[in-house]
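Written out below as C-alpha cells is the structure these notes cover.
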2 protein chains.
Amino acid sequence: MLPLSQTTGYALRAMRCLQEPGGQPVLVESVADYTGIPRSYLSKLVHKLAKKGLVTARRGHHGGVVLAKPSAEITLEDLSEAIDGVAWRKRCLMGLAGCTEETPCVLHDYWKQTLQEILVRLRSVTLADMARHQDPGVERFRADHGFLTTVDAERDHAHA
Amino acid sequence: MLPLSQTTGYALRAMRCLQEPGGQPVLVESVADYTGIPRSYLSKLVHKLAKKGLVTARRGHHGGVVLAKPSAEITLEDLSEAIDGVAWRKRCLMGLAGCTEETPCVLHDYWKQTLQEILVRLRSVTLADMARHQDPGVERFRADHGFLTTVDAERDHAHA
DNA sequence: ATCAATGAGGATCCGTCGGTAATCTAACGA
DNA sequence: TCGTTAGATTACCGACGGATCCTCATTGAT
C-alpha cells in the first residue's frame, strides 16, 4: 500500500551486508541468518538484483555475493526500480482510471508533486547513506565481518 | 502500493452518485451501471460504508442508498479510514520492523512528514469538493438523475 | 574425477484484495 | 397475505506478494 515494498526493504538490508566491488563474497545464508530474511526468499531476491546489475553472485566453493558497484553509487531508486518497477509512479492516488492531466482528480496535482518529492529523495539516498539506520541484524553482521565503521569509511572517503 | 486502495476510489465515485441526507434513495444497481463498479462488489462496499455511518441503506420497495451526512462534511479521510483502516500510516516506508523514533531509517523523518502532509490533504478534501473531478460515469449519472450542477450547488450554498 | 559448497530454480503454500454468483431477507404495495 | 423489489450475506474464484521446501547446476578444492 506504500511506495516501497517489504521486499525492497529486504534488498536494502541485505546489500548493507555486502562488501564493495572486489571485496570478499558474502554467503546468502549468512546474510539471511543475521537479518532474519528468509533464506530461500533472499536467494531469489539476490538473483533478481544480480540480473539488474546491482550485485554479483558466484556459486560453488568460496562463492557468494558482492556489490557490483560502490555502495555510494547505488541509490534507493535503483533498488526500488529493480524490485517494484515504476508502474506505481503513474497510478492515480485513488486508482481512478479516468484521472489524467486533462481530467484530473482532486488530488492529482498534489499527488504528482508529492511523488516527485519522493522520487528526488529516493534518488539522493545511497546505500552508503543508509549507515545511519541502526538495523540490529545488519550492524551485528558488519561488526562480525570486519566492516569499516561508518566513521572509518568517512575518514577513508576524505582521504580519497 | 499507494496510500489509497482502489476500493476507496470506488467508494468515492459511488458516493458522488448519492443524494444528500433526506434526498431520494439511489439503487446500488444504478450506481454500478453508471460507474462500472461491479454490482456485487459495490453492494458489499455500500454495506461497509453503512456500518461506518457514512451512508444509509434501505431495502425493499423504494429502497436504496443515501448519504448519511452532507457531502461537505464527508472527508476523504473518512473514506480512507472506513475502508483501508489506519495501519498503513504507521508502517515504515521500507517495511523495516526495527524502524522507530529511537532507531529511525534514513527516510524516517522525511516519510513522517510526507505522511502528515498527505493526511492533512485527505482531511481537507470533502466529497463535495470532488465535483472538480470529471468522472465520466459519475457526471452522466448526475445529469441523468437531476442532480444540481456544481454551479447550482454553489449558488444555493451562497444563499444559505 | 570426485565431492562438498553454494547460488539457481521449480513447485507449492498462504493471506489479502478485487471480483462473481447464488441465495437470504427486509420492506413495501396490491 | 403474498409477491416484488430492494439490500445483505455467504461461498467461492483468481491474481499477487511473500514465503517455504526441495532439487538442480555450477564452482573450486582435493
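Numbered from 1 within each chain, the chains take letters A, B, ... in sequence-line order. These values consider heavy atoms only, across backbone and side chains, with no hydrogens, waters or symmetry-generated copies.
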Side chain to side chain, A:L79 and A:L4, heavy atoms closer than 4.5 Å: no

Rounded distance in Å - NZ (A:K48) to C1' (C:dG9): 14 Å

Partners meeting side chain to side chain contact (heavy atoms under 4.5 Å, CB included) with A:E117 (sequence neighbours left out): A:Q113, B:Y110, B:E117

d(NZ, A:K51; C1', C:dG9) in whole Å: 10 Å

Atom-pair distance (CD1 on B:I83; P on C:dT16), nearest Å: 18 Å

Separation of C:dC14 C1' from A:Y41 OH (nearest whole Å): 13 Å

Between C1' of C:dA8 and CG of A:L42, the distance in whole Å: 13 Å

Nearest-neighbour nucleotide for the A:P38 side chain, C:dT20, C:dG18, D:dT20 considered: D:dT20

Strand contacts (DNA chain D) in residues 24-33 of chain A, 4.0 angstrom heavy-atom criterion: none

Residues which pass side-chain hydrogen bond (donor to acceptor under 3.5 Å, both in side chains) with B:T114, listed by chain and number, not counting sequence neighbours: none

Output a table of nitrogen or oxygen pairs between the protein and nucleotides 10-16 of chain D separated by less than 3.5 Å.
{"residue": "D:dA11", "atom": "N6", "partner": "B:K44", "partner atom": "NZ", "Å": "3.0"}

Interface polar pairs with nucleotides 27-30 of chain D, N/O, under 3.5 angstrom:
{"residue": "D:dT27", "atom": "O2", "partner": "A:H61", "partner atom": "N", "Å": "3.3"}
{"residue": "D:dA29", "atom": "O4'", "partner": "A:H61", "partner atom": "ND1", "Å": "3.3"}

Contacts of type side-chain hydrogen bond (donor to acceptor under 3.5 Å, both in side chains), residue B:Q6, not counting sequence neighbours: B:Y10

Contacts of type salt bridge (charged side-chain N to carboxylate O under 4.0 Å, His left out), residue A:R89, not counting sequence neighbours: A:E77, A:E81

Toward the 5' end of DNA chain D, by each residue's nearest nucleotide, A:I37 or B:A57: B:A57

Residues that B:T75 engages under side-chain hydrogen bond (donor to acceptor under 3.5 Å, both in side chains), provided they are two or more places apart: B:D78

Set of salt bridge (charged side-chain N to carboxylate O under 4.0 Å, His left out) partners for A:E20, sequence neighbours left out: none

Non-neighbouring partners of B:R140 that pass side-chain hydrogen bond (donor to acceptor under 3.5 Å, both in side chains), sequence neighbours left out: none

Using atom types as modelled, flag every donor-acceptor pair under 3.5 Å from a side chain in residues 55-62 of chain B to any protein atom, sequence neighbours excluded.
{"residue": "B:R58", "atom": "NH2", "partner": "B:H62", "partner atom": "O", "Å": "3.4"}

Side-chain heavy atoms of A:T8 within contact of A:I83, under 4.5 Å: yes

Check: D:dA19 base within 3.5 Å donor-acceptor of A:S40 side chain: no

Can you list, pair by pair, the side-chain donor-acceptor contacts under 3.5 Å of residues 23-51 of chain B, counting residues two or more places apart and other chains?
{"residue": "B:Y34", "atom": "OH", "partner": "B:D144", "partner atom": "OD2", "Å": "2.5"}
{"residue": "B:T35", "atom": "OG1", "partner": "B:V31", "partner atom": "O", "Å": "2.8"}
{"residue": "B:T35", "atom": "OG1", "partner": "B:I37", "partner atom": "N", "Å": "3.2"}
{"residue": "B:Y41", "atom": "OH", "partner": "B:T7", "partner atom": "OG1", "Å": "2.8"}

